[in-house]
Amino acid sequence: MPNARFPYGVSNFDTMVSEGYYYLDRTAHIETLERMNSRFNFFLRPRRFGKSLFVSALQYYYGKEHKADFERLFGNYYIGQNPTPRANGYLVLKFDFSGIETDTIETTYRHFLANIQDGIVGMMRTYSDVFGKQEISAVLAADSPALAAQALMAAMKDKAEKIFLIIDEYDHFTNEIIAFNFNNFREIVSQNGFVRKFYEVLKKGTQTGVIDRMFVTGVSPVTLDSLTSGFNIGANLSLDLDLHDLMGFTEAETAGILRAADVPDDQLDTVRTDLRAWYNGYRFNREAVNRLYNPDMVLYFAMHYARYGKYPDRLLDPNVSSDYGKIRRMFRVGNEGENLAILEQIVRDGAVQAAITAQFSFEKRW
């Protein structure tokens, strides 16, 4: 596939399909998710690992407003040829918590409230045949995130419709708060904070049947326990074997991408060896057969190689380096000395023996 268009930085599924970007079909996992017993799911992966693109695919697959475009969007992929009964059957409500300012508790509160209101009102306007102006006004009049969510639940009370709730980057702002001001985190998220109260309302929405399904993405389990103590019915599928390859590239898929980037056959083994050393190694279940490559890094490399016929000067994507400062600050939480000692051991020995925790609680002792 010469002159392939690589979807580096593309997170909108319609854009990817419409503009002919190179896509490795992950839509079979939509069917897998539906077959699972859990309906309210959390799925965590590192930064720039393809979470937002999959979330976008869910929006187009389940949203009633996209029914007329189903064949165009999904016809060439597994789920388009094997659709489930729930396809295009929901009102989709999406929140993205990546743009919330966290300078102070007051700033965080205002931005979180505005984020919730924007998401709900945006959904109501998308489905204007379902919601009226008074219901939108009730959401905008709410002076807390929990009350805004309650206004939505009230508006849905006598309607036959169901909501598929999507939350992207659930922990983006809470990780920032932990890194800069841990006491603020305790007040906002733990105990009776406004974030926890918001999740409590979501839980009530699942109990009444208003929220039928839920898919939440994020980066780490560090805040999952604190956030979801108000929503203790969710399943963390991050380490599930059947969903291991939902995001990231396998060895064979990476080789295919390199061929699409016009890496010559006589150089393919060398390039694969270099990329294996730099980008490979993710395994989220001990029984997983494949180790996964970081998709951002592979696409960053492939895009550069396809354009210039050579390696980029820096093999690590500079757009990811902006996260390093946040990671450094996260090491200060708890016992900084012990945290750094573990990091030094990993750097020195290449590995550390430890149990992977699905959730991490600040309520427990360090």
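Everything numeric in this text was worked out from a predicted model, so none of it was measured.
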Between [X] and [Y], which heavy-atom pair has the shortest distance, and what is it?
X: Gly218; Y: Tyr170; value: CA-CD2, 3.5 Å
X: Phe284; Y: Pro46; value: CZ-CD, 3.9 Å
X: Tyr60; Y: Asn88; value: O-ND2, 3.2 Å
X: Phe43; Y: Leu243; value: CZ-O, 3.7 Å
X: Gly205; Y: Thr208; value: O-OG1, 3.2 Å

Check whether more than 12 heavy atoms from other residues, nucleotides or ligands sit under 6.0 Å from atom [atom1] of [X], and answer yes or no.
X: Gln267; atom1: CD; value: yes
X: Asp266; atom1: CG; value: yes
X: Lys204; atom1: NZ; value: no
X: Arg307; atom1: CZ; value: no
X: Lys67; atom1: NZ; value: no

Could you tell me how the ring of Tyr300 sits relative to the ring of Tyr8: parallel (under 30°), tilted (30 to 60°) or perpendicular (over 60°)?
tilted
Please state whether the rings of Phe70 and Tyr61 are parallel, tilted or perpendicular, taking 30° and 60° as the class boundaries.
tilted
Single-linkage hydrophobic cluster, 4.5 Å side-chain cutoff, [X] and [Y] together:
X: Leu340; Y: Val352; value: no
X: Ile136; Y: Phe95; value: yes
X: Val201; Y: Leu147; value: no
X: Leu140; Y: Val130; value: yes
X: Leu246; Y: Leu241; value: no

[X] side chain vs [Y] backbone, donor-acceptor pair below 3.5 Å:
X: Lys51; Y: Glu169; value: no
X: His304; Y: Lys310; value: yes
X: Gln117; Y: Val139; value: yes
X: Asn12; Y: Thr15; value: yes
X: Ser56; Y: Ser52; value: no
X: Asp171; Y: Val219; value: yes
X: Tyr78; Y: Glu31; value: no
X: His172; Y: Gly99; value: no
X: Lys162; Y: Gly209; value: yes
X: Asn115; Y: Ser98; value: no

Within this structure, what is the [atom1]-[atom2] distance for the pair [X] and [Y], rounded to the nearest 0.5 Å?
X: Phe49; Y: Met297; atom1: CZ; atom2: CE; answer: 10.5 Å
X: Leu202; Y: Ile211; atom1: CG; atom2: CD1; answer: 5.0 Å
X: Tyr293; Y: Thr254; atom1: OH; atom2: OG1; answer: 5.5 Å
X: Thr217; Y: Asp168; atom1: OG1; atom2: CG; answer: 3.5 Å
X: Phe164; Y: Leu58; atom1: CZ; atom2: CG; answer: 5.0 Å
X: Glu161; Y: Phe131; atom1: CD; atom2: CZ; answer: 8.0 Å

Sort out for me which residue in Tyr62, Tyr23, Phe13 forms a ring-ring contact (aromatic ring centres under 6.0 Å, His included) with Phe74.
Phe13
Check the side chains of Thr270 and Thr273 for a donor-acceptor pair under 3.5 angstrom, ignoring hydrogens and angles.
no
Indicate whether the side chain of Asp245 and that of Asn290 have a donor and an acceptor atom separated by less than 3.5 Å.
yes
Run the numbers on Asp14 and Arg72 for side-chain contact (heavy atoms from CB on, under 4.5 Å), then give the verdict.
CA-CA 9 Å; Asp14 190 352; Arg72 176 180 67 84; 3.0 Å; yes
Presence of salt bridge, Asp242 and Arg35, under 4.0 angstrom:
no
